[in-house]
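So the structure is just underneath, and the comments pick up after that.
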Amino acid sequence: MSFTDRMAYALEKDLVDDERHAKVGLRVTAITAGWAVIVPILVVYGVTGRERETEVLSIAATLTLLLPFLAAVIATHGRRFGIGGAYVVLTLLMVLPAVWIAQL
């Protein structure tokens, strides 16, 4: 097999690759949507509940870091390194809000 044959083979589109990218995108989108809904609900409930709910706030602080990291892991495992890197940066940016939520 010559170099040109290998390059032509490498440039062919793989249908399984497109399917995997779509599944990874859907999973990451679902995690992001869940994160954007669940964490604020937990924070509001923890702050405005009958008593200050420290356990709920601890769970909210944990999910603030855990869910973007999970999305990064899923994206990089699915060979979507750009999206995975973006979620790693988002995870690092969420450290301060998680500390703030934990101290409420």
Side-chain angles (χ1 to χ4, degrees):
M1 184 180 250
S2 69
F3 177 73
T4 55
D5 292 336
R6 286 184 290 192
M7 288 305 294
Y9 178 73
L11 292 176
E12 286 181 14
K13 246 186 147 122
D14 189 10
L15 296 177
V16 175
D17 196 40
D18 289 340
E19 228 176 90
R20 182 178 60 236
H21 284 300
K23 285 182 181 179
V24 167
L26 286 174
R27 288 177 183 157
V28 168
T29 302
I31 289 172
T32 304
W35 173 68
V37 170
I38 291 170
V39 171
I41 289 173
L42 289 175
V43 170
V44 168
Y45 177 74
V47 172
T48 62
R50 294 182 188 166
E51 306 175 351
R52 190 166 295 274
E53 303 286 340
T54 57
E55 296 85 14
V56 174
L57 291 173
S58 296
I59 292 170
T62 302
L63 290 178
T64 299
L65 293 175
L66 184 67
L67 291 178
F69 182 74
L70 179 64
V73 169
I74 289 172
T76 54
H77 183 70
R79 297 183 182 170
R80 300 293 304 257
F81 300 111
I83 295 173
Y87 276 95
V88 167
V89 170
L90 181 64
T91 301
L92 293 174
L93 289 174
M94 288 294 115
V95 170
L96 289 177
V99 170
W100 178 74
I101 290 170
Q103 291 180 352
L104 284 178

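Values below: all heavy atoms of this structure, side chains included; hydrogens, waters and symmetry mates excluded.
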Going only through I, L, V, M, F, W and Y residues with side-chain contacts under 4.5 Å, is there a path from Leu67 to Val95? yes
For Ala60 and Ile101 the tightest heavy-atom approach is CB-CG2, 4.1 Å
Quick check: is Leu57 connected to Tyr45 through a chain of hydrophobic side chains (ILVMFWY, heavy atoms under 4.5 Å apart)? yes
Minimal non-hydrogen separation, Ile31 against Ala71, with atom names: CG2-CB, 4.1 Å
Calculate, to the nearest 0.5 Å, the distance between atoms NZ and CZ belonging to Lys23 and Arg80 respectively. 14.5 Å
With clusters defined by side-chain heavy atoms of hydrophobic residues (ILVMFWY) lying less than 4.5 Å apart, directly or transitively, does Val43 cluster with Val56? yes
Side-chain heavy atoms nearer than 4.5 Å, only ILVMFWY residues, links allowed to pass through others: does that put Val39 and Leu90 together? yes
Linking I/L/V/M/F/W/Y whenever their side-chain heavy atoms sit closer than 4.5 Å, directly or via other members, would Leu70 and Trp35 fall into one cluster? yes
Do Thr64 side-chain atoms and Ala98 backbone N/O form a donor-acceptor pair below 3.5 Å? no
Determine the minimum heavy-atom distance between Arg79 and His21, stating which atoms define it. O-CE1, 3.8 Å
Closest non-hydrogen contact found for Ala75 with Ile83 is CB-CG2, 3.9 Å
Worked verdict on Tyr87 versus Thr32 for side-chain hydrogen bond (donor to acceptor under 3.5 Å, both in side chains): CA-CA 10 Å; Tyr87 276 95; Thr32 304; 2.5 Å; yes
Set of residues satisfying side chain to side chain contact (heavy atoms under 4.5 Å, CB included) with respect to Ile59, sequence neighbours excluded: Leu42, Leu63
